[in-house]
Amino acid sequence: MPLIEPLPEDHNPDLVDLIQFFRGPLGTVPNSVLTMQRRPAIARAFTELNKAVMANHGRVTAEQKRLIGYLASHTAGCHYCEAHTILAAERFGATPERLADIWSYGTSLHFTVAERAAFDFAIAAASVPNAVTPAIAAALRAHWTEDEIVEILGVVAMFGFLNRWNDSMGTTLEPIGIAAGEKNLAREGWDVGKHV
């Protein structure tokens, strides 16, 4: 049971159009954002942050950003965000092979050396305490520009906020997220946990 129940999508007429943004990447408006509506400025700021972080300005693709978000969320232990990010990765073109190999990305032929560096960084940056070492940073800089590194860390940092929000709130996971988690993550031990 969630700590705070989400409000209906049409609760705040000033937010209705803005929060529909999430239907594109997720196919639904997340309960986390519906809960944020209790403080409209938070819902608005978070939605704008999400739009800015997930916009594509360079080589970091929409699919890669969702996989980075997945790895960061898994590191933080947030089952809600794991399901959302794997759902969005699939919606943005992740192949079944890439989804199946995400945890063997270090040796999988389905990922590039540049992606491996970004994924290593995402896991280290999402760890508590932070585990970014000079070697991890150097590998990241060897494959990505400074602007792209800002995009990559933006994803990790945004999901850090969401991981704390959803785990602390016990946000109820939407049916589409449960289905994505069961389809793509159950073999790694994922379950809906507290997000029922």
Side-chain angles (χ1 to χ4, degrees), residues 24-27 50 53-164 166-167 173 176-195:
L26 294 175
N50 194 297
V53 167
M54 294 310 215
N56 298 102
H57 300 288
R59 294 179 304 137
V60 189
T61 69
E63 182 248 15
Q64 289 167 332
K65 286 184 177 183
R66 275 64 184 189
L67 292 175
I68 288 165
Y70 167 71
L71 292 167
S73 296
H74 181 81
T75 301
C78 180
H79 291 216
Y80 182 93
C81 292
E82 285 180 89
H84 273 202
T85 51
I86 213 71
L87 166 66
E90 187 173 33
R91 289 174 63 92
F92 279 98
T95 64
E97 294 80 14
R98 283 171 66 86
L99 293 173
D101 282 3
I102 189 60
W103 277 106
S104 59
Y105 70 83
T107 57
S108 171
L109 298 177
H110 299 292
F111 298 98
T112 67
V113 175
E115 287 177 312
R116 292 177 188 144
F119 295 164
D120 286 345
F121 177 77
I123 292 168
S127 296
V128 176
N130 187 284
V132 177
T133 64
I136 289 171
L140 188 67
R141 283 193 302 271
H143 298 284
W144 300 97
T145 68
E146 290 181 351
D147 291 349
E148 291 164 345
I149 291 169
V150 167
E151 285 187 69
I152 291 166
L153 186 53
V155 173
V156 175
M158 183 183 73
F159 277 98
F161 171 84
L162 281 172
N163 298 155
R164 266 78 185 155
N166 290 308
D167 265 354
L173 185 57
I176 194 171
I178 293 171
E182 290 173 347
K183 174 184 173 189
N184 295 302
L185 303 175
R187 67 184 164 278
E188 297 295 331
W190 181 92
D191 62 40
V192 72
K194 66 171 90 173
H195 303 287

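Numbers for residues simply follow the sequence, beginning at 1. Heavy-atom basis, side chains included; hydrogens, waters and symmetry copies ignored.
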Which residues satisfy the side-chain contact (heavy atoms from CB on, under 4.5 Å) test with H79, sequence neighbours excluded?
-> E82, W190, D191, H195
Return the set of residues passing side-chain contact (heavy atoms from CB on, under 4.5 Å) with S104 (not counting sequence neighbours), or none when no residue passes.
-> D101, T107, S108
Determine the minimum heavy-atom distance between G93 and E63, stating which atoms define it.
-> C-CG, 4.2 Å
Out of L162, T85, N163, which residue meets the side-chain contact (heavy atoms from CB on, under 4.5 Å) rule with C78?
-> N163
Closest non-hydrogen atom pair, C81 against S73 = CB-OG, 3.2 Å
Is the shortest heavy-atom distance from the side chain of K194 to the side chain of D167 under 4.5 Å?
-> yes
Side chains of residues 178-185: which donor-acceptor partners sit under 3.5 Å, not counting sequence neighbours?
| unit_1 | atom_1 | unit_2 | atom_2 | d |
| --- | --- | --- | --- | --- |
| K183 | NZ | E90 | OE2 | 2.6 |
| N184 | ND2 | E90 | OE1 | 3.4 |
| N184 | ND2 | A180 | O | 3.4 |

The reported gap from CG in L87 to CD1 in I176 (rounded to nearest 0.5 angstrom) is 5.0 Å
Measure across H143 and A117 and return the closest heavy-atom pair with its distance rounded to 0.1 Å.
-> CD2-CB, 4.0 Å
List for me each residue that meets ring-ring contact (aromatic ring centres under 6.0 Å, His included) alongside F119, sequence neighbours excluded, and say none if there are none.
-> Y105, F111
Scan for salt bridge (charged side-chain N to carboxylate O under 4.0 Å, His left out) pairs involving residues 150-164, sequence neighbours excluded, and state none if there are none.
-> K65-E151
Do you know the tightest heavy-atom contact between A62 and N56?
-> N-ND2, 3.0 Å
Of all heavy-atom pairs linking I68 and A118, the shortest is CD1-CB, 4.4 Å
Scan for side-chain hydrogen bond (donor to acceptor under 3.5 Å, both in side chains) pairs involving residues 125-136, sequence neighbours excluded, and state none if there are none.
-> none
So CG of N166 and CZ of F159: to nearest 0.5 Å the spacing works out to 9.5 Å
For the atom pair CD1 (I136) and CZ (F121), what is the distance rounded to the nearest 0.5 Å?
-> 9.0 Å
Who are the side chain to side chain donor-acceptor pair (under 3.5 Å) partners of Q64, not counting sequence neighbours?
-> T61, E115
Quick one: side chain to side chain donor-acceptor pair (under 3.5 Å) partners of E97, sequence neighbours excluded?
-> T95
What residues form a salt bridge (Lys or Arg N to Asp or Glu O under 4.0 Å) with R91, not counting sequence neighbours?
-> none
Do L67 and R98 have side chains that get closer than 4.5 Å, going by heavy atoms?
-> yes
What residues, two or more places apart in sequence or in another chain, satisfy side-chain contact (heavy atoms from CB on, under 4.5 Å) together with I149?
-> L140, R141, W144
Sequence neighbours left out, what passes side chain to side chain donor-acceptor pair (under 3.5 Å) with R59? Give chain and number order.
-> E148
Identify, with sequence neighbours excluded, every residue that meets side-chain contact (heavy atoms from CB on, under 4.5 Å) alongside A100.
-> R187
